[in-house]
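These notes are about the structure you will find just below.
Order of the sequence lines fixes the chain letters, A, B, ..., with proteins taken first and strands second; residue numbering starts at 1 for each chain. These numbers come from the heavy atoms of this one structure, side chains and all, not from hydrogens, waters or symmetry mates. Everything numeric here is computed off the predicted structure, so don't read it as measured data.
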Protein chains: 2
Amino acid sequence: MLFRSVVLYDRATGDRDAIGAQLAAERGLTLIKPYDEPQVIAGQGTCGLEIAEQAAELGVDRAEVLIPCGGGGLTSGVALALEAKAPGLRVRPVEPEGFDDVARSLQSGRIEKNDRLTGSLCDAIITPSPGDLTFPIMQRLCGPGLVVTEEEALRAMALAFTRLKIVIEPGGAVALAAALFHPADTAGDTVIAVASGGNADSGLFRQALETHA
Amino acid sequence: MLFRSVVLYDRATGDRDAIGAQLAAERGLTLIKPYDEPQVIAGQGTCGLEIAEQAAELGVDRAEVLIPCGGGGLTSGVALALEAKAPGLRVRPVEPEGFDDVARSLQSGRIEKNDRLTGSLCDAIITPSPGDLTFPIMQRLCGPGLVVTEEEALRAMALAFTRLKIVIEPGGAVALAAALFHPADTAGDTVIAVASGGNADSGLFRQALETHA
């Protein structure tokens with residue numbers, strides 16, 4: 001039998017890990033976490049395989065690879081794929097200002113938490129802290145984290161509309177924003193930025209175009 | 001020496017073919033027309049090669065292929081490519097209502113003109129008539145033309161934003177609009193629609209999202 005239901009919670013006050021664990025226990029379900037899960041990390045790593053393939057086609061063997069980073073699933077997956085396929089490409093996690101738990105964790109050497117989980121337009125990549133599985137991978141393979149402002153993320157969204165003809169949500173635009181507006185923070189002369197995903201609602205997107213396009 | 005300048009004209013009253021011919025004569029330049037030019041048609045045909053490749057990967061050997069059509073460069077190029085690589089795929093030109101010179105030309109068997117060249121949001125594909133080179137190709141290879149309203153083009157733009165995460169201009173959305181809103185006008189159960197291009201200014205795009213997303 002297939003059950004399919006969406007359980008909503010308040011991200012400011014609720015604990016989605018606890019809710020997930022409770023539902024799994026009550027209903028005998030298998031919990032699949034959004035990032036701290038080996039198969040999820042492996043799946044996200046296919047983005048790294050694509051980057052390695054495209055970089056090789058272009059003759060790029062050294063570059064910084066900027067990734068929008070929440071709990072680190074995409075970031076650690078891409079880092080593992082590049083370790084195997086393109087070891088000269090170094091991953092740099094990118095986060096919004098005020099929610100830079102991964103950057104701070106990489107700096108301190110232990111898992112740091114965000115003070116708050118609300119109040120950012122980049123909500124898709126706002127997580128409490130890096131995962132128990134993703135953090136050691138990022139620690140071993142990634143360079144220091146980068147941080148961009150919300151304003152920079154909106155400008156990157158508008159530029160992606162105007163120049164790339166793609167729709168990105170604010171959280172999905174932070175790596176592009178870092179590449180565009182923080183060139184001094186990356187090493188070398190080649191930067192690869194991942195734009196992911198595009199779940200911007202139309203009101204927010206109109207606002208970004210109105211103020212930044 | 002490289003000259004690069006943009007000469008503006010009024011599309012309601014001016015004749016861009018005459019202006020181009022005059023500039024070429026005065027300055028000794030080579031005129032490259034936007035659609036009635038063998039190399040342009042061949043270049044646009046690479047879109048047809050991609051369609052043939054992707055259709056083969058999916059095991060699709062019969063389908064209707066809807067193309068946004070102005071002067072017929074993209075349409076005839078894709079038709080030639082499919083004739084060679086995927087002859088079971090039939091091209092159908094798609095135009096905005098009131099500017100259906102190609103559909104009428106295919107129906108009457110001779111080159112028909114549009115009454116006017118302004119007043120459509122789909123301005124990128126508003127041309128006076130099919131080209132001398134493109135029309136015979138379309139006549140030989142294409143099925144009847146399809147026509148969509150401006151309203152349908154805007155709805156397709158908004159759906160492309162919401163679902164496909166891509167930016168299309170109104171003229172570039174007419175084939176998607178035909179696929180979505182005129183299913184009875186196509187034969188068989190497989191429809192391929194080309195979305196091209198994305199030069200929507202941000203004001204128009206915001207308006208399309210406000211009214212249709």
Side-chain angles (χ1 to χ4, degrees), chain A residues 6 43-44 46-47 49-51 53-54 57 67-68 70 74 121-125 150-177 180 193-213, chain B residues 6 43-44 46-47 49-51 53-54 57 67-68 70 74 121-125 150-177 180 193-213:
Chain A
V6 174
Q44 306 257 38
T46 58
C47 173
L49 299 179
E50 286 181 55
I51 292 171
E53 195 177 302
Q54 292 180 28
E57 278 170 15
I67 315 273
L74 179 62
L121 282 177
C122 303
D123 52 356
I125 58 167
E150 206 162 81
E151 170 74 19
E152 289 167 338
L154 289 172
R155 284 171 64 199
M157 270 177 75
L159 277 162
F161 163 83
T162 311
R163 299 292 171 191
L164 305 177
K165 313 302 179 189
I166 57 171
V167 176
I168 349 179
E169 65 194 48
V174 295
L176 182 59
L180 291 168
V194 170
S196 161
N199 297 313
D201 69 63
S202 75
L204 170 68
F205 202 80
R206 271 157 42 211
Q207 183 196 323
L209 294 186
E210 193 162 4
T211 50
H212 296 84
Chain B
V6 175
Q44 306 256 40
T46 59
C47 173
L49 299 180
E50 287 181 54
I51 291 170
E53 196 178 301
Q54 292 179 29
E57 279 169 15
I67 314 273
L74 178 63
L121 283 178
C122 303
D123 52 355
I125 57 167
E150 206 162 82
E151 170 74 17
E152 289 167 336
L154 290 172
R155 282 171 64 196
M157 271 176 74
L159 277 163
F161 162 84
T162 310
R163 299 291 172 192
L164 305 176
K165 314 300 180 190
I166 58 171
V167 176
I168 347 179
E169 65 195 48
V174 294
L176 181 60
L180 290 168
V194 171
S196 162
N199 296 312
D201 70 61
S202 75
L204 170 67
F205 202 80
R206 270 158 41 211
Q207 183 197 322
L209 294 187
E210 193 162 2
T211 49
H212 296 83

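- Using non-hydrogen atoms only and a strict 4.5 Å limit, the part of residues 196-204 of chain A facing chain B consists of A:Gly198, A:Asn199, A:Ala200, A:Asp201, A:Ser202.
- Of residues 155-166 of chain A, those residues with a non-hydrogen atom less than 4.5 Å from any non-hydrogen atom of chain B are, in numerical order, A:Phe161, A:Lys165, A:Ile166.
- Using a 4.5 Å cut-off between heavy atoms, A:Gln207 does not touch chain B at all.
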